[in-house]
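For the single chain, residues carry numbers from 1 onward in sequence order. Computed from a predicted model, the values in this text were never measured in an experiment.
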Amino acid sequence: MHPQITVSSLDIERLEALFDALPTATANANARLLAELGRAKVVEPEQMPPNVVTMRSRVSFEIEQPPQQLCLTLAYPKDMAELDDGISILTPIGTALLGLSVGDRINWPLADGQMSTLRILDLPYQPERAGEIFR
């Protein structure tokens with residue numbers, strides 16, 4: 001179950017730069033994110049729908065197994081130190097969140113290898129919606 005995802009051209013550009021800077025040994029760990037980006041619909045930041053999770057969005061979501069609800073900010077690794085509620089794009093959940101819309105569900109492997117379903121509940125903050133295109 002992989003719903004259509006939408007990613008901004010700016011986020012794609014920044015994620016590609018991030019991959020270029022990562023050690024080669026991490027390539028396999030990031031293969032899922034690369035696969036997700038490969039299937040994404042890419043739009044300009046100004047055209048981003050207001051209900052889509054983008055980088056630096058604060059997103060409320062639930063994980064079905066183990067059951068929990070979280071509200072976190074999707075972040076680049078370099079920004080994690082400044083965020084109390086950050087989740088890195090390089091984590092399995094961070095990768096799963098990018099590009100989903102409010103209401104979307106996705107089956108996804110968690111860090112422990114177990115499969116779970118994530119569902120986007122709300123998007124309290126999205127930079128593009130707030131007019132912060134070049135955050």
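- Nearest heavy-atom pair, I87 versus G94, reported as atom, atom and distance to 0.1 Å: CD1-N, 4.0 Å.
- Note that the CG atom of L72 and the CG atom of D84 stand 11.5 Å from one another [nearest 0.5 Å].
- The heavy-atom pair separating T54 from L74 by the smallest distance is O-CD2, 3.9 Å.
- Once rounded to the nearest 0.5 Å, the distance linking CG of D122 with CZ of F61 reads 12.5 Å.
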Given side chain to side chain contact (heavy atoms under 4.5 Å, CB included), test R56 with D79 step by step and report yes or no. CA-CA 9 Å; R56 300 290 291 198; D79 298 329; 3.2 Å; yes

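- Atom CG of residue L33 and atom OG of residue S88 lie 9.0 Å apart, to the nearest 0.5 angstrom.
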In sequence, state the C-alpha distance, the side-chain angles, and the governing distance for R39 and H2, and then conclude on side chain to side chain contact (heavy atoms under 4.5 Å, CB included). CA-CA 10 Å; R39 71 180 195 86; H2 290 277; 3.6 Å; yes

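- In this structure, the side chain of Q126 engages the main chain of V52 through a donor-acceptor pair within 3.5 Å.
- At a threshold of 4.0 Å, the pair E64-R105 counts as salt-bridged, since one of the basic side-chain nitrogens sits closer than that to a carboxylate oxygen.
- Between L123 and P50 the shortest heavy-atom distance is CD2-O, 3.5 Å.
- Rounding to the nearest 0.5 angstrom, the gap separating the CG atom in N107 from the OG1 atom in T117 is 4.0 Å.
- Remark: side-chain polar atoms of R129 are paired, donor with acceptor, to backbone N or O of P124 under 3.5 angstrom.
- Using a 4.5 Å heavy-atom cutoff, the side chains of L98 and L15 are in contact.
- L70 and L118 fall within a single hydrophobic cluster, where Ile, Leu, Val, Met, Phe, Trp and Tyr side chains are chained together by heavy-atom contacts under 4.5 Å.
- The line from CG of D11 to CD of E128 is 6.0 Å long, rounded to the nearest 0.5 Å.
- The hydrophobic cluster containing M80 does not contain L90, counting ILVMFWY residues as joined when their side-chain heavy atoms lie under 4.5 angstrom apart, directly or transitively.
- The two residues V102 and L121 make their nearest non-hydrogen contact at CG1-O, 3.5 Å.
- Distance CG/L37 to OG1/T95: 8.5 Å, rounded to 0.5 Å.
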Side chain to side chain contact (heavy atoms under 4.5 Å, CB included) between L100 and I5, intermediate numbers included: CA-CA 5 Å; L100 293 177; I5 62 170; 3.8 Å; yes

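- Listed here is the closest heavy atom pair of A75 and L83: CB-CD1, 3.5 Å.
- Here the side chains of L18 and I89 are in contact, with some heavy-atom distance below 4.5 Å.
- A 4.5 Å side-chain heavy-atom check between I106 and P3 finds at least one atom pair inside the cut-off.
- In terms of modelled atom types and a separation under 3.5 Å, the side chain of R14 and the main chain of Y76 share no donor-acceptor contact.
- Closest approach of A130 to Y125, counting heavy atoms only: CB-CE1, 3.7 Å.
- S8 places no side-chain N or O within 3.5 Å of a backbone atom of P45 that could act as its donor or acceptor partner.
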